[in-house]
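Naming convention: chains lettered A, B, ... in sequence-line order (proteins, then strands); numbering from 1 in each chain.
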2 protein chains.
Amino acid sequence: MGKQEFVKEITSRDVDFAQWYTDVVVKGELAAYSGVKGSMILRPTATAIWENIRNEFNKHLERLDHENVMMPLLIPESLLLKEAEHVEGFAPEVAWVTEGGNNKLAERLAIRPTSEVLFAEHFRDIIKSYRDLPVLYNQWANVIRWEKTTRPFLRTTEFHWQEGHTCHETFEDADIEARQMLTVYRDLVGDLLAIPVVSGIKTQSEKFAGAYETYTNETLMYDGKALQLATSHHLGDNFAKAAEIKFLDREGKEQYVQQTSWGITTRSIGAMIMVHSDDRGLVLPPRVAPTQIMIVPIMQHKEGVLEAANELKAQLKADFKVKLDDSDKKPGWKFNETEMKGIPVRIELGPRDIENKVVTVCRRDTLEKSTLPLDENLNENLMALLDEIHENLYETAKKRQKEKTRHASTKEEFIEMIKEGGFVIAPYSGSEQVEDEIKELTGATPRCIAFENIDLDLTGVKDIWNGEDAKLMVHWARAY
Amino acid sequence: MGKQEFVKEITSRDVDFAQWYTDVVVKGELAAYSGVKGSMILRPTATAIWENIRNEFNKHLERLDHENVMMPLLIPESLLLKEAEHVEGFAPEVAWVTEGGNNKLAERLAIRPTSEVLFAEHFRDIIKSYRDLPVLYNQWANVIRWEKTTRPFLRTTEFHWQEGHTCHETFEDADIEARQMLTVYRDLVGDLLAIPVVSGIKTQSEKFAGAYETYTNETLMYDGKALQLATSHHLGDNFAKAAEIKFLDREGKEQYVQQTSWGITTRSIGAMIMVHSDDRGLVLPPRVAPTQIMIVPIMQHKEGVLEAANELKAQLKADFKVKLDDSDKKPGWKFNETEMKGIPVRIELGPRDIENKVVTVCRRDTLEKSTLPLDENLNENLMALLDEIHENLYETAKKRQKEKTRHASTKEEFIEMIKEGGFVIAPYSGSEQVEDEIKELTGATPRCIAFENIDLDLTGVKDIWNGEDAKLMVHWARAY
């Protein structure tokens, strides 16, 4: 199979974005389907990416004195139902265990759709006084939400996430925490996944049920649809009141704790794919790529080639996640594979390169080839190249996001812009009727009020849909 | 509450070992009970220990070119039943999901008791040729086995583990892999948890159902009962034949792959507790302790004390996981807390220490106090102390294990020795009847044939129970 045929296996993203996505996920070997409907197998590359996200996020948690815990997978129905407002949203999505050890259970057990109630119960047990606060907990977990239609990473019955749950003495402390975690997520997806975001606040209609405020990071995919990348909720004492989580304050008075919760999921891997990848397959940002550099020997049967390739690998191993493909496949096939799998840098090394003391370097993002001296500075040069690739991926996505973010001043413009894709910014009165109309006509929802638009002076500005006074400047988009 | 009262809260381990264990787990804040029967909450210390085990094991996997993957949580009944021999063992322990998204499911879904069948299905999909081998996979996961009686870490309905699953070209490759992983576990529990083990092979009666050979690391608890710490199975092609996992070999002939599987669970945390902890509470080995050093200021209201304590913390932070307890609790209370929570080293720092440019150091394992100069060599001195604590814990456990490992030459001796606790080594004919008799009379089971006893010349040696020719020299013990 030649290069041409191999590449053709992936549908073009400009022709059929949904099919392109599935092709990249499967042929890029990120995920595989199993006999379990709605669930997927995360293959080594996707698992390594999620572990890199996990390790980096854990570093932030350690820096901020947060701690990880592990809550049970199963929640008794009676406990889940305690938080009525919350459960109403999840009930239709719950998977129920009704039999265990060959017996019918007296009470149904839910597989956690989220662990709010378990944390609440535990907080009530361990928090007595202001001395016990703040409690800053996080857990890495799998959760189940019964979905009718599923797509790898974006919507699956089982997914992986971290869920942070914290308790504080004051409303202000909780707000600082919720905002701080949004910044952590913004840095995380920027530094690791090379994804630029618009940070802001959710409108009342889109915030988490029971939250006082939901902060969010929104980003645009290649096709112009938005995706929510991690949210952080300031819960106030709403949940604490329902769950009776109280403490004695510094004056000896009983108070409810003020809470936050925040999370990022394996959806972020889907976002990474839809922001950076192309018609040749995956494009992995260098800092999460489990293999950063693949060495492909050219004419490896010739004397000295494999030895030189192994020496090169040994030299690079000190600084990079590097592999050498010394299989008996043809070089052209190996090239296609490194591209399909999104490996950031491919190094080609043949007899002529060895003779000239150089290596041929091909970067995945631009597919440009260049030559670097095969000397003691090679590692440093490649480090700079990986950084450059990261920056290029981030800047390309940011430029696209900027181009696809526009202000609409009439209904017609709004509708046309949403159809073309991207964020449409428009003044909004907060009317539910307008939101329903927009959703029906365009499929768009309010994504957020960007932080930079929070303090805008909207005196005299009107909602372009109903002519009423505008109260908010909102980013709208169709979303995943 | 004075020191006396505080300590009294823990039952003595020589009086009631089971109650002592529960006391240490709960009051040492490793685990908490939740409203979910048989499940527990892993609190920050236990979660951090498990993460340290995970990170260290992942380093071994990376060194050995193994990869992590993530399989689905739920397994359709029909898929689980495919591996009949295997399922027979697990069927009574399975939790079944029968309802999802408000609907009764057409087919029951098992929450994985293990993921063998999922790996088998995936291997069948991705392995075509010898070029695809070996496949060296591992996953970190939660599993459920329905248990009637549970104890934190030792036997819980939900537990956490890693399960490795590998496929190889030859029977010998699989054997090398299975043995190699046993060595990794041996190093892991020795280096991190300071637990010495007896490595060996399981008898036919005790090996994993369907395995060709099960390798095991066995260790003794303080009460003389044994605990199995990680096993590694050489599966041969038994599972591959059942699941039709074939490949084209180097001669183009179709062959079944040769497999291994291996795992370590959160039980290892239970073992760590039962090997090292004492009547004052937890004793954490320094390399897994989430807090290695706790600084307790003395007379912290005096000028300069808290400043000096914070300076000390800053100095130690470069090399240790260090905390400063500057709460308004009394020092005596703080001392008890560091002991209850098993923090390896406590540093006391008061006005007189500051004046004399020293710190008072109290090690948790021996409770000995000493004085160290408060200078630029302190970090180095403390590093040596932590290593010494690790060595002392390991050697103390090893000495106890040695003392409690005895050879029996008569039935009566055997029975008496088992009653006293520990390993009893005795020549064994392999007779099932003898095994049943021993189990009935003593509660002991064959733990392993230690590697050093594999090649013993047993010519003329008789089974002390039935007088028949001995075939194996077996370690027997009552076990958790």
Side-chain angles (χ1 to χ4, degrees), chain A residues 29 32 34-37 39-44 46-48 50-51 55 58 67-76 78-79 91-103 105 108-109 111 118 121-122 125-126 131 137 139 141-142 144-148 157-158 160 290 327-329, chain B residues 29 32 34-37 39-44 46-48 50-51 55 58 67-76 78-79 91-103 105 108-109 111 118 121-122 125-126 131 137 139 141-142 144-148 157-158 160 290 327-329:
Chain A
E29 297 185 359
S34 76
V36 191
K37 199 184 152 285
S39 290
M40 59 175 185
I41 297 165
L42 270 74
R43 301 195 63 185
T47 304
W50 185 240
E51 285 189 344
N55 292 338
N58 274 343
E67 297 176 299
N68 284 320
V69 296
M70 288 160 101
M71 290 285 162
L73 174 73
L74 301 178
I75 307 175
S78 53
L79 181 60
E93 299 181 356
V94 170
W96 296 102
V97 175
T98 62
E99 301 166 28
N102 284 339
N103 292 311
L105 303 181
R108 296 197 297 178
L109 302 174
I111 300 183
L118 294 171
E121 205 192 23
H122 186 49
D125 286 346
I126 65 169
R131 286 192 188 85
Y137 282 175
Q139 86 164 340
N142 49 349
I144 293 238
R145 299 191 188 165
W146 214 255
E147 301 282 359
K148 289 204 177 70
T157 298
E158 178 186 12
H160 300 268
S327 69
D328 53 13
K329 298 168 195 161
Chain B
E29 298 186 357
S34 76
V36 191
K37 203 186 149 284
S39 289
M40 59 175 183
I41 296 165
L42 270 74
R43 301 196 62 187
T47 305
W50 186 240
E51 285 189 344
N55 291 338
N58 274 343
E67 297 177 299
N68 284 319
V69 296
M70 288 160 99
M71 290 284 164
L73 174 73
L74 302 177
I75 308 175
S78 55
L79 182 58
E93 299 181 357
V94 169
W96 295 102
V97 175
T98 62
E99 301 166 28
N102 285 337
N103 292 311
L105 303 181
R108 296 197 297 179
L109 302 174
I111 299 182
L118 294 172
E121 205 193 22
H122 186 49
D125 285 346
I126 65 170
R131 285 191 187 86
Y137 282 174
Q139 87 164 337
N142 51 348
I144 294 238
R145 297 188 189 167
W146 214 255
E147 299 283 358
K148 288 207 178 68
T157 298
E158 178 186 11
H160 300 268
S327 68
D328 53 11
K329 298 169 195 161

Below 4.5 Å, heavy-atom pairs only: which of [options] has the largest tally toward chain A?
options                         : value
Gln139(B), Glu51(B), Glu29(B)   : Glu51(B)
Glu121(B), His160(B), Arg43(B)  : Arg43(B)
Ser327(B), Ala95(B), Ser39(B)   : Ala95(B)
Lys148(B), Glu147(B), His122(B) : His122(B)

How far does [atom1] of [X] sit from [atom2] of [Y], to the nearest 0.5 angstrom?
X         : Y         : atom1 : atom2 : result
Ile111(B) : Leu109(A) : CD1   : CG    : 8.5 Å
Met71(A)  : Asn142(B) : CE    : CG    : 14.5 Å
Ile41(A)  : Asp125(B) : CD1   : CG    : 7.0 Å

Report which part of [X] has an atom under 4.5 Å of a heavy atom belonging to chain B: side chain, backbone, both, or neither.
X         : value
Trp146(A) : side chain
Arg108(A) : side chain
Asn103(A) : neither

Item checked: Minimal non-hydrogen separation, Thr47(A) against Asn68(B), with atom names -> CB-O, 3.3 Å

Item checked: Non-hydrogen side-chain atoms of Glu158(A) and Leu74(B) separated by less than 4.5 Å -> no

Check: Just by distance, do the side chain of Glu67(B) and the backbone of Pro44(A) share a donor-acceptor pair under 3.5 Å?
Finding: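 A pair under 3.5 Å: no.
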
Margin query: Taking every non-hydrogen pair under 4.5 Å, which of Leu73(A), Leu105(A), Asn58(A), Val94(A) racks up the most with chain B?
Written below: Leu73(A)

